[in-house]
Amino acid sequence: MIDLNLLRENPDAIKASQRARGASEEIVDEAIAAEVNRRAKLAEFESLRAEQNAHSKTVATAPKEEKAALVAAAQVLAANVKAAAAAATDASEALDKILWQIENVVCEGVPAGGEDDFDVLREVGTKPNFGFTLKDHTELGLDLDILDLERGVKVSGSRFYFLKGMGARLEIAMMSLALDQAAEAGFTALITPTLVRPEVMAGTGFLGQHADEIYYLPADDLYLTGTSEVALAGYHRDEIVDLTDGPLRYAGWSTCYRREAGSAGRDTKGILRVHQFNKLEMFSYVEPEQAEAEHEKLLAWQELMLQKCELPYRVIHTAAGDLGSSAARKYDIEAWVPSQETYRELTSTSNCTTFQARRLNMRYRKEDGKTATLATLNGTLATTRWLVAILENHQQPDGSVRIPEALRPYLGGTEFIKPKVKA
RNA sequence: GGAAGCGUGCCGGAGCGGCCGAACGGAACAGUCUUGAAAACUGUCGUAGUUAAUAGCUACCGUGGGUUCAAAUCCCACCGCUUCCUCCA
């Protein structure tokens with residue numbers, strides 16, 4: 001949710017953000033009108049209520065014979081209060097309805113425009129130059145017997161898969177490497193719930209435009225999360241946390257579920273776009289003034305992890321129109337996928353400023369003892385999709401795949417995943 | 001799934017229609033005392049809205065409704081917790 005003070009004091013800043021996102025500017029004026037109305041209705045209710053409270057006290061202390069008359073007068077007051085309370089509630093709900101539609105105010109320097117209007121910040125690493133006919137990750141997975149797509153479909157339908165043998169072990173090795181790196185950087189590991197209540201799902205900003213991307217269990221009124229970010233953001237819901245020792249950092253591991261409703265026909269081959277995968281997510285709770293600096297740190301940790309996996313990549317600065325509703329700035333890291341001769345997104349890190357925290361009612365105590373809304377940030381540290389880039393970039397002429405050195409300790413020192421020799 | 005009990009401030013714990021935003025105790029913070037600390041004593045000590053205001057007013061005692069002039073207190077529903085039974089990885 002956007003800041004009401006900002007709405008009152010500088011609505012043009014919000015309008016500029018809406019413009020950059022390609023979203024409605026009129027809604028800002030609607031919000032202002034609704035906010036003025038809410039305050040007026042609330043003031044009316046409160047003064048009537050005060051009158052009633054005062055009157056009630058005289059009823060309590062009045063002698064018996066005067067009570068009947070006083071109660072009769074009080075009944076009129078009570079009716080007025082009830083009407084005023086209803087009007088105040090309506091006005092408040094009307095405001096909320098508008099406020100929840102306005103997406104986070106984008107940070108300065110975020111490129112305007114849509115999906116294709118990102119800035120490339122840098123390209124890192126060397127793209128492999130194969131002297132042989134390369135295979136895509138699907139072929140490699142099949143030939144190495146580490147990925148079983150057919151049986152995934154048989155058991156669960158399209159976009160499901162089995163990771164098998166060294167494939168399964170490689171993913172767990174990667175997650176362990178990532179988790180160790182996170183722990184070293186001061187993150188607390190969390191294995192999170194993947195079913196969450198509607199309030200939490202809404203609070204994190206996932207029930208807006210893309211609600212149909214999310215699995216929902218009507219019998220239990222619970223949502224399956226597409227990222228542990230949801231549970232990690234909900235973790236401190238309705239709390240006033242202590243940030244005097246620095247940011248609270250969590251590394252959440254979970255399985256993630258996505259319906260991929262709007263992407264029929266896209267990336268149908270392999271495990272690039274699937275309904276279920278695993279992810280290690282970094283999540284930070286920080287003072288708002290530190291959010292931009294924390295964002296750069298998250299990005300640096302992501303790059304470090306990509307480098308440990310020896311993957312060529314580029315960092316892009318996402319345009320305003322392609323930001324999630326909660327994000328004020330977002331960087332994606334895309335790894336080179338040789339079979340597609342293009343970069344594909346492996347990580348994403350968003351600075352959500354105070355937007356999620358305001359929705360989820362999360363504050364911190366400042367030095368002067370006052371409370372203030374905190375800022376949240378998130379960033380991917382490893383996901384199943386990384387296997388695509390690892391397999392393809394490190395394939396060898398003999399069909400084997402070289403395991404990056406940093407991963408080897410987690411695989412008993414194994415240096416190559418080799419095709420099975422047929423008898 | 002069945003039965004009973006319970007949900008109050010940072011924690012413990014009273015209150016069970018008006019005098020309750022809430023006794024009392026602990027923790028925490030500030031001060032007095034002390035060379036310093038402890039102890040003792042004194043004070044502060046929930047969150048939010050409204051407002052120029054740390055004045056006043058309003059809201060909040062699991063959540064949402066209801067009864068009443070008036071609800072932490074009565075009624076209903078829901079959620080959660082505990083114990084017992086049943087079941088189960």
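Chain naming here is simple, since letters A, B, ... match the order of the sequence lines and numbering starts at 1 in each.
Base pairing of B:rC81: its partner is B:rG5, meeting the Watson-Crick or G-U wobble criterion (both donor-acceptor distances under 3.5 Å). Both distances falling under 3.5 Å, in either a Watson-Crick or a G-U wobble arrangement, place B:rA48 opposite B:rU58. B:rU42 is paired with B:rA30 under the criterion used here, namely a Watson-Crick or G-U wobble arrangement in which both key atom distances are under 3.5 Å. Of the nucleotides present, none pairs with B:rG36 by Watson-Crick or G-U wobble criteria with both distances under 3.5 Å. Across all strands shown, B:rG12 pairs with B:rC24; the Watson-Crick or G-U wobble distances both stay below 3.5 Å. Nucleotide B:rA71 forms a pair with no other nucleotide shown, judged by Watson-Crick or G-U wobble geometry with both contacts under 3.5 Å.
A:Glu44 and A:Lys41 are not joined by a salt bridge, as no carboxylate oxygen comes within less than 4.0 angstrom of a charged side-chain nitrogen.
Under the 30°/60° scheme for interplanar angles, the aromatic rings of A:Tyr215 and A:Tyr257 are found to stand perpendicular.
In terms of position on RNA chain B, the residue among A:Arg365 and A:Lys82 whose nearest nucleotide sits closer to the 5' end is A:Arg365.
Nucleotide B:rG49 holds its P atom 15 Å from the CG atom of A:Leu7, rounded to whole Å. Following rounding to the nearest Å, A:Asp96 (CG) and B:rA48 (P) show an atom-to-atom distance of 17 Å. In this structure, A:Glu51 places its CD atom 14 Å from P of B:rA70, rounding to the nearest Å.
Spacing of P atoms, B:rA77 relative to B:rU82, comes out at 23 Å, to the nearest Å. Taking atom C1' on both nucleotides, B:rC20 is separated from B:rU73 by 10 Å, rounded to a whole Å. Only the P atoms considered, B:rA23 is 33 Å distant from B:rC79, to the nearest whole Å. B:rC6 sits 14 Å from B:rG13 when the P atoms are compared, rounded to a whole Å. When the P atom is used for both B:rG1 and B:rC11, the distance is 30 Å, rounded to whole Å. B:rC87 and B:rG12 have their P atoms separated by 35 Å, given to the nearest Å.
In this structure, the ring of A:Tyr250 has its center no less than 6.0 angstrom from the ring center of A:Phe187.
The phosphate of B:rA48 (OP1 or OP2) has a side-chain N or O of A:Thr371 nearer than 4.0 angstrom. Within the 4.0 Å cut-off from OP1 or OP2 of B:rC79, not a single side-chain nitrogen or oxygen of A:Arg197 is found. Contact between the side-chain N/O atoms of A:Asn53 and the OP1/OP2 oxygens of B:rA59 is found at a separation under 4.0 Å. Put simply, A:Gln75 has no side-chain N or O that comes within less than 4.0 Å of OP1 or OP2 on B:rU68.
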Quiz: residues 156-165 of chain A side-chain donor-acceptor pairs under 3.5 angstrom, not counting sequence neighbours:
unit_1   : atom_1 : unit_2   : atom_2 : d
A:Arg159 : NH1    : A:Arg266 : O      : 3.3
A:Arg159 : NH1    : A:Asp267 : O      : 3.2
A:Arg159 : NH1    : A:Arg273 : O      : 3.0
A:Arg159 : NH2    : A:Ser263 : O      : 2.9
A:Arg159 : NH2    : A:Arg266 : O      : 3.0
A:Tyr161 : OH     : A:Gln276 : O      : 2.7
A:Lys164 : NZ     : A:Asp145 : OD1    : 3.0
A:Lys164 : NZ     : A:Asp145 : OD2    : 3.2

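Looking at heavy-atom distances under 4.0 Å, A:Ala50 makes contact with sugar-phosphate atoms alone, never a base. Within 4.0 Å (heavy atoms only), A:Arg358 reaches no atom of the nucleic acid at all.
Distances were taken from every side-chain heavy atom of A:Arg49 (C-beta onward) to each of B:rC79, B:rG49, B:rA59; the shortest belongs to B:rA59.
By the salt bridge (charged side-chain N to carboxylate O under 4.0 Å, His left out) test, A:Arg169 pairs with no residue at all, sequence neighbours left out.
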